[in-house]
Every structure is written in C-alpha cells, then in structure tokens.
Amino acid sequence: MCVSRLCVLLLSAAAVFGQGVVGTQRAPRPSPQARTKLPIPKVLFEDVAAAAGLKFQHVSGEAKDYILEAVGSGVAIFDYDNDGRPDIFLVNGSKFRFADGEVRPTSRLFRNRGPGLRFEDVTEKAGVGRSGWGQGACAGDYDNDGFDDLFVTYYGTNVLYHNNGDGTFRDATAEAGLPTTGTRWSTGCAFFDYDRDGKLDLAVANYSRFDPSRVPKPGENQFCMYKGLPVMCGPRGLPGGVNILYHNEGNGKFRDVSKQSGFDKPEGYYGFAVVTADFDNDGWPDVYVACDSTPSILLHNNGNGTFTDIGVISGAAFNEDGQEQAGMGVAVADYNHDGWLDIVKTNFADDTPTLYLNNKDGSFTDVTYRAGLGVNNRFLGWGVGFVDIDHDGWKDLIMINGHVYAAIDKLGLNSPYKQERNVYWNLRNGAFLDISSRAGPAIVERRSGRGAAFGDLDNDGSIEVVINNLDDAPSLLVNRGEKKNWLQVRTRGAKSNRDGIGARVTVTAGELSMIDEVRSGGSFLSHNDLRLHYGLGDAKQADEIRVRWPSGLEEVFPAAEANREITVEEGKGRPVARKNGL
C-alpha cells in the first residue's frame, strides 16, 4: 500500500503522466482577441554597457573546433561590499593555445559606484582575477558572516572565493574541502539550504567528461555534422557528467554528499543550468537541472537528506511530444498567480522554449503552445528570466539567444549565429505575447548571447539585464519604458541562513497576491539579484508581506509603501501558526 508522501506524489504524477503529459495533441493557441484585449505597454530597452564602464571582452577559444569553445559563460549580480548597490561579476573563458607573452583573459568584478549606472573594474584589488575556462557563477553567504561569497565553475577545477568583508576575497577552495585538482566540466551552480539547518549547501551541475585529445574533429562522425555542415562534436557521443551536492559542515567546510543523498542520479546527462525552488509547497527546496540533449532532471527533496529524480514521471523532463531537448537556461516563477511555481526552459534552434505548468499535484504539463511561446523556433536560447517589465504584477519573460555554430551563416538559414533577444509580455490569462519587435533597440540587436543575470542595478525599481556575449563585449539592458508601482524585498535570516535563500515571500496588494522565493543561481550559468521584485500595478502600497523562512517560521510583516525597498528580518514579524509540521 502507498502511504508515504513521496509514494503518493509519484502515483499522482504517474496518473497525470499516463493521461498525456507527454505525447498529447498540442493545445490550441490563444485567439487573437485574447492576445490583444489588454493595452500593450510601451517597452524600450537600451544597451548602456559601454557608457556604464563595463569594459570587458569575453574569450572562448578560436576556431570553435570543440564544444567547450561554444558554450560561453555566465554573470553574477551581487552586492559584495554591502553598500546597497549590486555589483557585477562577468565570467570569462580561455583558449587552448596562447602565444608567448600573450595576456590570458580573466573573469572581472565590477563595483557599482552609483549613482545611476556607473561601474569600475576592481578585479585585481578584490583578488578574483583567475584565468581559465570559466563557465558559471553563484553567490551566497555560506559562513553567515554578513558578506556574500562567490563560487565560480570551470572546465578544470572550480573556485570558492570567501568574502573577507573589506572589499577583497581569498581563494578558500582548499580550506573548504572542495577539490583543487583534476578536470571536471562544471557548469551551473546554486547555494541553497537543502536540509534547512541554517547553513548554505552547494549544488553543482556537470556537463561532460571532456578530453579534447580524444574528441573527434569537426565532420568526423555523425555527431560532428549539422545539416551537412561540419561542426564541433557533441554533446552526443561524449560521456555525460555527474551532478554534485556539497553539504555545509560549518566552520567553512563542505563535504561531498552526492552519492548518499542521491543527488548524483541520474548520471551521464549533460547538465547545464541549476535552479532551486519548492515546487510541491512542502517547505523543502527541490532542484531542477536543465540538460542538453538528455532528459532534464527534477530532484525532489525528500526532507530527510536525500533526493529522488522525478523529472520523467512528473512530466518536466521532456516536451509534450515526449522528446528530450537541448535545454540551456531555466527560470522559475508563479506566472499565472495560482500559488505554485512553474518552470521555463530555453532550448536549441528548430525547437521552442518550454513552459511547464505546475499541476499542484507533483506533476507538470507542457503548455508552451497554449501559452503562446511556440511562435518562434529559429532561436537558440540561453539566459532567461521572469521579469515584471511594466510592474503590472504579472511576470513577463526575457530570453537571450545566439547559435553555437560559428559557420552556420554559410547555410543561409533563418537562424543566424548572432540573434535577437525575445520579450514575451504576460497577458494575465495563462498566455504571453511576443513583443520583441517593439521592445527597443537592445532587444532587436543581434549578438551571440549566453549567460544573463537580472537585477535592479541602480535601485530605481526597474530590473536591468546583464548579458555575457560570446567572444564579445557585454550588454547592460535598461528598460526606459512605461512602468507602474513596485516593491523590492530583501530578506535577512536569523535561524535561517543569513541571506534568507529559500524564503518564500508572498506580497498582497489589492487583488494581487504574488509569491516568489529567494534563490541563488538560475538563468544560464548565472546568479540574479537576491532581492525579490514585485510589481504592484496601481496600488499605492503592499497590504501585507508574508514570509515562510527555511527554518519553518512563518511571519507576517506590516503594509509597506510602494516604490521602495524593504528589509524583512526573521523573527521580527508577527508569527503565523505552523502548518503540516513546518
């Protein structure tokens, strides 16, 4: 007899799965009337990266003979010096060959000088100028000392930078017990407190066990051709990676618990982006890994230190046709205001992004076409974020694109190497409208985008987008368009981790009730501003702020005026009676 909560969850998901989560007929797209009944806001994105002082050149190989050269790198937005202004860390790649005396590229840290958008390169002063095949980054205060630390993934060995609290970092990889030798191709990462003990643990995705000396050359076999064009090989034909979970032991130490926790299953997949969220509303953070050319992974947190992959049985591993996809980036939000977190994933060209609707029973349904996201299949997507661009209280979507094959333009296809970005506006009826062509020059401009991070860099209540473009300068997108009222929430844990990562914050303003969670990592190999942003529409205040902390404490905080940032501190609100033993 099935009596455990996970057993019930799996049977419920299986029932939905068997009724056609995968392989069903596509639902009809919204009618034109449904798509246009709301007045479309004026949206105007401009790229101000150069004027803001983001002087950076991404480097990723040369001839693009290897897949490593085509993946690109991520971005982290975090306030490393606690001055109230978010800073920017841009991850850099490398090359296989350097000329004698050639300067090797390094990742760069840009301090936000303010006011407005002004940045200065403080990489050398901060001590984070390491060279190598950098991939992704995530931030979190793993020792709860009040300063956010930084983890950077590499093809090679990863690095953990401890924030010294004086504007500098030190390489704490060895002292933390993390590997300092060997070669791994790590990609996405996220700090999160999976066992809710008040200390941030660390999830790391791995793409492939990659050895360039053993990889075939472009065109040598069926995995090295694309529509008749010789291209770099992979990922199919290459051995897949194994995802890793590090438990925070305290005193600055981590321990690899991947095997005993079940986090390393399934193995042999090509893991890219990592996002954490409580998908089943049980109070325990789950983990979703977007995978390239293999099923994506949804690791359900069993609440006892272990995880179970329910990606396939939940319907979140494939698209609605039962096909695995080339998943790149991932974002999470309650886009339809039903109190349950949904998933969006970017994919390869000749495909569409995938939107998974949370069915509230442990399963998901691919609603991509029903939601209007199936209108474009020529884009190869990477970074992605749910962003309320007009502050109407409904999360919109921004996607960053760019092809992987440098020679693709020779084929004259409708999917070029450099591509526009996508902006989808939330129609509040479960569907989105593609407004990219009217969203400003920074959206229609073609670049080879990869990692993207989202945050309010100038503290004006509007979300900026920082994009790490492959072999190019970065982009910093500012929205000059129409916007309504807003509220920004910063969490401070006490019994929970200091950042409040994993806290669920519900903001109520008039008829709007909006949920979000504080999370590290996400998008594509990137890390967003830890502050939560809520559009309030025409409301002059948020009537109530309710927080469920990772510790299990649930509190209500008083009303807050619109158009400001507030900090909610654990233990200083009005407690709410616990439910379900949380």
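Keep in mind that this is a model prediction, so the values were computed, not measured.
Aromatic ring pairs are classed by plane angle as parallel below 30°, tilted from 30° to 60° and perpendicular above 60°; the pair F272 and Y207 is parallel. Taking the six-membered ring where the residue is Trp, F307 and F263 present perpendicular rings, their angle passing 60° and hence far from 30°. Ring geometry for F364 against F279 counts as perpendicular: the plane angle is over 60°, on a 0 to 90° scale with 30° as the lower cut.
Atom CG of residue D516 and atom CG of residue L532 lie 5.0 Å apart, to the nearest 0.5 angstrom. Going from atom CG of N347 over to atom CD of E324 covers 11.5 Å, rounded to the nearest 0.5 Å. Note that CZ of F191 is 9.0 Å distant from NE2 of H527, once rounded to the nearest 0.5 Å. We find the CD1-CZ distance between I244 and F254 to be 13.0 Å, quoted to the nearest 0.5 Å. Atoms CG and OG, on D388 and S462 in that order, are 9.5 Å from each other to the nearest 0.5 Å. Distance check, rounded to the nearest 0.5 Å: CG of L68 to CH2 of W185 gives 4.5 Å.
Taking every heavy atom of both residues into account, S261 and G305 meet most closely at CB-O, 3.3 Å. Across P105 and S94, no two heavy atoms sit closer than the pair CG-CA, 4.2 Å. Looking at every heavy atom in both residues, A317 comes nearest to Y356 through C-OH, 4.1 Å. Minimum interatomic distance between R209 and G240 (heavy atoms only, all atoms of both residues): NH1-O, 2.8 Å. Nearest heavy atoms, S513 versus T508: OG-OG1, 3.9 Å. In plain terms, the two heavy atoms of R85 and D81 that are nearest each other are O-OD1, 4.5 Å.
In this structure, K253 and R255 have side chains that are not in contact, with every pair of non-hydrogen atoms separated by 4.5 Å or more. Between W133 and S60 the shortest side-chain heavy-atom distance falls below 4.5 Å. Side-chain contact between T276 and Y194 is absent, with no heavy-atom pair separated by less than 4.5 Å. Side-chain atoms of M328 and I400, non-hydrogen and from C-beta on, never get closer than 4.5 Å to each other. Considering only heavy atoms from C-beta on, L536 comes within 4.5 Å of M514 through its side chain. In this structure, L476 and L457 have side chains that are in contact, with non-hydrogen atoms separated by less than 4.5 Å. With a 4.5 Å cut-off on side-chain heavy atoms, R519 and F192 do not count as touching. Under the 4.5 Å side-chain criterion, counting only non-hydrogen atoms from C-beta, E249 is in contact with H247.
Sorted by first and then second residue, the pairs that involve residues 136-162 and meet salt bridge (charged side-chain N to carboxylate O under 4.0 Å, His left out), not counting sequence neighbours, are D141-R498, D148-R498. Residue pairs meeting the salt bridge (charged side-chain N to carboxylate O under 4.0 Å, His left out) criterion with at least one partner in residues 152-173, sequence neighbours excluded, are R170-E175.
For H58, the ring-ring contact (aromatic ring centres under 6.0 Å, His included) test picks out no residue, with sequence neighbours left out. Residues meeting the side chain to side chain contact (heavy atoms under 4.5 Å, CB included) test with A453, sequence neighbours left out: V75, I77, S526, N528. Shown here are the disulfide (SG to SG under 2.5 Å) partners of C138, two or more places apart in sequence or in another chain: C189. For R504, the salt bridge (charged side-chain N to carboxylate O under 4.0 Å, His left out) test picks out E517, with sequence neighbours left out. Applying the side chain to side chain contact (heavy atoms under 4.5 Å, CB included) rule to N563 yields the partners N485, W486; only residues at least two apart in sequence or on another chain are considered. Partners of K572 under the salt bridge (charged side-chain N to carboxylate O under 4.0 Å, His left out) rule, at least two apart in sequence or in another chain, are E569. D529 is linked by a salt bridge (charged side-chain N to carboxylate O under 4.0 Å, His left out) to R531, counting only residues two or more places apart in sequence or in another chain. With sequence neighbours excluded, the residues that form a ring-ring contact (aromatic ring centres under 6.0 Å, His included) with Y335 are F432. Listed by chain and residue number, nothing satisfies the salt bridge (charged side-chain N to carboxylate O under 4.0 Å, His left out) test with D256 (two or more places apart in sequence, or in another chain). Partners of W394 under the ring-ring contact (aromatic ring centres under 6.0 Å, His included) rule, at least two apart in sequence or in another chain, are H337.
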Side chain to side chain contact (heavy atoms under 4.5 Å, CB included) for D338 and N358? Distances and angles first, verdict last.
CA-CA 9 Å; D338 67 355; N358 193 324; 5.6 Å; no
Residues F56, N468; criterion side chain to side chain contact (heavy atoms under 4.5 Å, CB included); working and verdict
CA-CA 9 Å; F56 173 83; N468 203 342; 3.6 Å; yes
How far apart are the C-alpha atoms of E570 and K495, what are their side-chain angles, what is the distance that settles it, and do they pass the salt bridge (charged side-chain N to carboxylate O under 4.0 Å, His left out) test?
CA-CA 7 Å; E570 186 177 17; K495 184 178 180 181; over 6 Å; no
Between E124 and R108, does a salt bridge (charged side-chain N to carboxylate O under 4.0 Å, His left out) hold up when you go through it step by step?
CA-CA 9 Å; E124 279 71 34; R108 311 302 294 180; 3.0 Å; yes
With side chain to side chain contact (heavy atoms under 4.5 Å, CB included) as the test, would you mind laying out the steps for V71 and F524 before giving the verdict?
CA-CA 10 Å; V71 168; F524 178 73; 3.9 Å; yes
Test log, rule side chain to side chain contact (heavy atoms under 4.5 Å, CB included), inputs L355 and L357:
CA-CA 6 Å; L355 180 64; L357 174 69; 6.0 Å; no
How far apart are the C-alpha atoms of T308 and N302, what are their side-chain angles, what is the distance that settles it, and do they pass the side chain to side chain donor-acceptor pair (under 3.5 Å) test?
CA-CA 7 Å; T308 301; N302 299 320; 3.1 Å; yes
Starting from the C-alpha separation in whole Å, work towards a yes-or-no answer on side chain to side chain donor-acceptor pair (under 3.5 Å) for D280 and H300.
CA-CA 9 Å; D280 56 356; H300 174 260; 2.8 Å; yes
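The side-chain contact (heavy atoms from CB on, under 4.5 Å) with Y142 is formed by just one residue from the set N497, L160, L150, D499; it is L160. Among the candidates D87, D83, D121, the single residue satisfying the salt bridge (Lys or Arg N to Asp or Glu O under 4.0 Å) test with R111 is D83.
A cation-pi geometry, defined here as NZ or CZ lying under 6.0 Å from the six-membered ring centre and within 45° of its normal, holds between R130 and Y154.
Between the D361 side chain and the S363 main chain, a donor and an acceptor come within less than 3.5 Å of each other.
Residue N304 places its CG atom among more than 12 non-hydrogen atoms of other residues, nucleotides or ligands, all under 6.0 Å distant.
Side-chain contact check for N92 and S107: no donor-acceptor pair (N or O, by modelled atom type) lies under 3.5 Å.
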